[in-house]
Amino acid sequence: MRKRVVSMWFPNLPSDRVVRAGALNGDDTGPFVVTHHAKNTDRIYCLNNAAAAQGLHRDMGFSDARAYCPDLQSCPADPIADARFLHMLARWGKRYCPWVGVDGSDGLLLNIAGSAHLFGGEDAMLNDMRHRLTHAGVQGRVAVADTRGAAWALTHFGQRAQGEDIAHLPVAALRLDTKTDATLQRLGLRNISDLIALPRATIARRFGPDVVLRLDQATGARDEDISPLKDAPNYGVRMTLPDPIGLSGDVMAGAERLLERLCAKLKDQDMGARKLQLHLRRVDQGAQIVELRLAAPMRDAARILPLFERGVDEVDAGYGIDQIRLTAIQVEPLPKAQITHGVATRTQGIDDLITRIGNRIGLDNIHRFLPADSHIPERSFQIAAAAYSRAEGAWAALRPRPLQLFAPEPIAGAGARPPQHFRWRRMALTVGHATGPERIAPEWWLADDNWRSGLRDYWKVDTVQGRRLWLYYTPQNPGWFVQGEFA
């Protein structure tokens, strides 16, 4: 069977992705560019047809582009998001054939040998591709040829009415680098036909083997493979039972066998499960689902199995369960690592505890405090979900900080030293010992209404009644406040 290769080229892939995501403010049909920082300035990385009609072009300075087009909209480039969008288009391309590969950062290759007749022939298939891309808002050029090189040349340099002949196309259509292309054109070799007319030995001697290789790949003298995208691994296992079961112990025994198989799959891929679903099918065609969200990626069956007990105990088996399916619906990379046994045991115990509590109240409701690089008390820490963060170790504090920190509460007092007697939260307190002051200045580069009063002089106050408070005084607008309490 003759190989037939379809080349898809998406010249405006980054801008099409942004427009499809609805990230623009206002009219999405106006001039729009995607920018990136290069050569010490922001430059145009990609642009739509409306921007090209205004005289803009790629690698143009963004400030110059705004001068030409004052109503120009822009968005920063995101190569990672562009790659995800291209892989999404590759999955869509599998509707036409199972052999789909990525061509660079803005193209696809499809081997449609044996599948074109399912769509009424090659012309009907290509027209369907163009129609669906246009309907989806993606600008693309599509061409088919016997070789990968010829198909690529037709999408980038050819026209639909010219057929599959590439001899009239410029030498740049052979996927040559810019320097080689310029050298060939200076010597008068502007089209592929000019290059074909030369002896092969002369081409190899004067221009190197790469030119001969690209020419042979385009004409079919040398084969060029298409590497298809790998299917995403399926992290799911199931078990069909000969007789229905209903006891929790039996369900846990089946889950244990499935967990061992699933964890073996995860280990082969260096992945760990974050979210698991245990699907229990009953004989009456009903289903019970036990979902387990883990505080850290895991692939240890012995640790995961006890975490299912609470959910399995609440299952209504009905007249019996005849099939069990276990699926890891969310996974994360979990590479092998050399760790100390004692540290690993403590970390695993905390993760298991967070998992048990989180499956009752929600993992997002369990928080941990992490240190932040700021001398402002309110900004010296940040709150993060415990399941999606790691402990940072010991906190570095140059001066003692209160165990409990709250919003400033005013108290009566005069002068720059703490008042000897004051009332706080309906308590009459007497100062026994005061340590300070510690002057903290506001961070002028951040806007914070709480610090608009300026400097603060903090004091550590031990009261006769046993309270150990953290007070501060504001010199610019004299006043005393309580902001924390020590243990």
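All figures in this text were calculated on a predicted structure; none of them were measured in a lab.
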Student: Indicate the atoms forming the closest heavy-atom contact of Gly140 with Phe10, along with that distance.
Tutor: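 So the two residues come closest at CA-CD2, 4.0 Å.
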
Student: CZ of Arg238: more than 12 outside heavy atoms within 6.0 angstrom?
Tutor: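 Count not over threshold, so no.
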
Student: I'd like to know if the side chain of Gln465 reaches the main chain of Thr430, judged simply by a donor and an acceptor atom lying under 3.5 Å from each other, with no hydrogens or angles considered.
Tutor: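 Side chain of Gln465 to backbone of Thr430, a donor-acceptor pair under 3.5 Å: yes, one is there.
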
Student: Decide yes or no on side-chain contact (heavy atoms from CB on, under 4.5 Å) for Val138 and Phe85, but give the supporting numbers first.
Tutor: CA-CA 11 Å; Val138 178; Phe85 184 51; 3.9 Å; yes

Student: Are the side chain of Arg282 and the backbone of Asp316 linked by a donor-acceptor contact shorter than 3.5 Å?
Tutor: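 Judged by distance alone, yes, a pair lies under 3.5 Å.
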
Student: Salt bridge check: are Arg132 and Asp128 linked by an N-O gap of less than 4.0 Å?
Tutor: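 Salt bridge between Arg132 and Asp128, a charged N being under 4.0 Å from a carboxylate O: yes.
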
Student: Is there a side-chain contact between Leu405 and Phe381 in this structure, where contact means two heavy atoms from C-beta onward sitting under 4.5 Å apart?
Tutor: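 The answer is yes, as the side chains (C-beta and beyond) meet within the 4.5 Å cut-off.
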
Student: Run Ile304 and Leu292 through side-chain contact (heavy atoms from CB on, under 4.5 Å) and show every step you take.
Tutor: CA-CA 9 Å; Ile304 298 175; Leu292 179 65; 4.0 Å; yes

Student: Can you tell me how far CD1 of Ile383 sits from NE2 of His367, rounded to the nearest 0.5 angstrom?
Tutor: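 The NE2 atom of His367 sits 7.0 Å away from the CD1 atom of Ile383.
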
Student: Check whether more than 12 heavy atoms from other residues, nucleotides or ligands sit under 6.0 Å from atom CG of Asp373, and answer yes or no.
Tutor: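 Not more than 12 within 6.0 Å, no.
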
Student: Do Tyr45 and Pro14 come within less than 4.5 Å of each other through their side chains, counting heavy atoms only?
Tutor: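 When only atoms from C-beta onward are counted, Pro14 and Tyr45 do touch, with a gap below 4.5 Å.
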
Student: Would you confirm whether Thr327, through its side chain, and Ile329, through its main-chain N or O, come within 3.5 Å as a donor-acceptor pair?
Tutor: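 Not confirmed, Thr327 side chain does not pair with Ile329 backbone.
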
Student: So that I can tick it off, tell me whether Arg425 and Glu485 are bridged by a salt bridge, with the cut-off set at under 4.0 angstrom between side-chain N and carboxylate O.
Tutor: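 Judged by the 4.0 Å cut-off on N to carboxylate O distance, Glu485 and Arg425 do not form a salt bridge.
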
Student: Between the side chain of His135 and the main-chain N/O of His131, is any donor-acceptor distance below 3.5 Å?
Tutor: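 The answer is no, because no donor-acceptor pair under 3.5 Å joins these two groups.
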
Student: What do the steps show when you test Leu89 against Met8 for side-chain contact (heavy atoms from CB on, under 4.5 Å), and what is the final call?
Tutor: CA-CA 10 Å; Leu89 291 172; Met8 291 186 182; over 6 Å; no

Student: Of all heavy-atom pairs between Ala51 and Val33, which one has the smallest distance, and what is that distance?
Tutor: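 For Ala51 versus Val33, the nearest heavy atoms are CB-CG1, 4.0 Å.
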
Student: Can you tell me how far CZ of Arg43 sits from CZ of Arg58, rounded to the nearest 0.5 angstrom?
Tutor: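 Atom-to-atom, Arg58:CZ and Arg43:CZ are 14.5 Å apart.
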
Student: Step by step, work out the side chain to side chain donor-acceptor pair (under 3.5 Å) result for Thr155 and Ser7.
Tutor: CA-CA 7 Å; Thr155 53; Ser7 174; 3.3 Å; yes

Student: Once the angle between the rings of Trp480 and Trp459 is folded into 0 to 90°, is it parallel (under 30°), tilted (30 to 60°) or perpendicular (over 60°)?
Tutor: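 Taking Trp459 first and then Trp480, their aromatic rings sit tilted (interplane angle of 30° to 60°).
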
Student: Measuring from atom OH of Tyr68 to atom CD of Gln54, what distance do you get when rounded to the nearest 0.5 angstrom?
Tutor: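 Output value for this atom pair is 11.5 Å.
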
Student: Under the 3.5 angstrom rule, does the side chain of His375 hit a backbone N or O of Ala441 as a donor-acceptor pair?
Tutor: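 Pair found, side chain donor or acceptor close to backbone of Ala441.
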
Student: Looking at side-chain heavy atoms only, is the closest gap between Asp351 and Met298 below 4.5 Å?
Tutor: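 Touching, per the 4.5 Å side-chain cut-off.
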
Student: Please determine whether the number of non-hydrogen atoms from other residues, nucleotides or ligands lying under 6.0 Å from atom CD1 of Ile361 exceeds 12.
Tutor: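 Correct, the count exceeds 12.
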
Student: Evaluate whether atom CZ of Phe406 has more than 12 neighbouring non-hydrogen atoms of other residues, nucleotides or ligands under 6.0 angstrom away.
Tutor: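 Atom CZ in Phe406 is packed in, count exceeds 12.
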
Student: List the atom of Leu334, the atom of Pro297, and the distance in Å for their closest heavy-atom pair.
Tutor: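 So the two residues come closest at CD2-O, 3.6 Å.
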
Student: Quick check: are there more than 12 heavy atoms from other residues, nucleotides or ligands sitting under 6.0 Å from NZ of Lys94?
Tutor: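 It does: Lys94 NZ has more than 12 such atoms within range.
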
Student: A side-chain contact here means heavy atoms from C-beta on lying under 4.5 Å apart; do Tyr235 and Leu262 qualify?
Tutor: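 Yes - at least one pair of side-chain heavy atoms lies under 4.5 Å apart.
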
Student: CZ of Arg281: more than 12 outside heavy atoms within 6.0 angstrom?
Tutor: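 Counting other residues, nucleotides and ligands, CZ of Arg281 exceeds 12 neighbours.
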
Student: Would you say Arg468's side chain and Ala487's backbone share a donor-acceptor pair under 3.5 angstrom?
Tutor: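 At least one qualifying donor-acceptor pair exists.
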
Student: Is the shortest heavy-atom distance from the side chain of Arg439 to the side chain of Pro475 under 4.5 Å?
Tutor: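 Yes, side chains in contact.
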
Student: Locate the shortest heavy-atom distance separating Leu72 from Ala65; write the atom from each residue and the value.
Tutor: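 Taking every non-hydrogen atom into account, CD2-CB, 3.8 Å.
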
Student: Atom CZ in Arg175, atom CH2 in Trp152: separation rounded to 0.5 Å?
Tutor: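 Interatomic distance, Arg175 CZ to Trp152 CH2, rounded to 0.5 Å: 7.0 Å.
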
Student: Any side-chain to backbone donor/acceptor pair from Arg467 onto Phe486? Under 3.5 Å, distance only.
Tutor: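 Checked: no pair found.
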
Student: Taking all heavy atoms of Pro408 and all of Tyr472, pick out the closest pair and write down the distance.
Tutor: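 Reported closest heavy-atom pair: CB-OH, 3.2 Å.
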
Student: Which pairs would a plain distance check flag for residues 99-109, meaning a side-chain donor or acceptor within less than 3.5 Å of a matching protein atom at least two apart in sequence or in another chain?
Tutor:
unit_1: Trp99; atom_1: NE1; unit_2: Ile226; atom_2: O; d: 3.0
unit_1: Asp103; atom_1: OD1; unit_2: Arg148; atom_2: NH2; d: 3.4
unit_1: Asp106; atom_1: OD2; unit_2: Trp9; atom_2: NE1; d: 3.1

Student: If you take all heavy atoms of Arg20 and Ala136, which pair is closest and at what distance?
Tutor: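 Between these two residues, the closest heavy atoms are NH1-O, 2.7 Å.
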
Student: Taking C-beta and beyond as the side chain, do Pro31 and Leu56 meet within less than 4.5 Å on heavy atoms?
Tutor: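 Side chain of Pro31 against side chain of Leu56, heavy atoms only: no contact under 4.5 Å found.
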
Student: Could you measure the distance from the SG atom of Cys46 to the CZ atom of Phe32? Nearest 0.5 Å is fine.
Tutor: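 Going from the SG atom of Cys46 to the CZ atom of Phe32 covers 8.0 Å.
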
Student: I'd like to check Glu224 versus Val5 (side-chain heavy atoms, cut-off strictly below 4.5 Å). Are they in contact?
Tutor: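 Glu224 vs Val5: side chains apart.
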
Student: Run Arg257 and Ile324 through side-chain contact (heavy atoms from CB on, under 4.5 Å) and show every step you take.
Tutor: CA-CA 10 Å; Arg257 295 176 60 183; Ile324 305 176; over 6 Å; no

Student: Spell out, as yes or no, whether a donor-acceptor pair under 3.5 Å connects the side chain of Gln483 to the backbone of Trp470.
Tutor: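 No, the answer is negative, given that no donor and acceptor are paired below the 3.5 Å cut-off.
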
Student: Are the side chains of Asp78 and Val18 in touch, meaning some heavy atoms are under 4.5 Å apart?
Tutor: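 Contact flag for Asp78/Val18 side chains = no.
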
Student: Once you round to the nearest 0.5 Å, how far does SG of Cys263 lie from CG of Leu326?
Tutor: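 One finds 8.0 Å between SG of Cys263 and CG of Leu326.
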
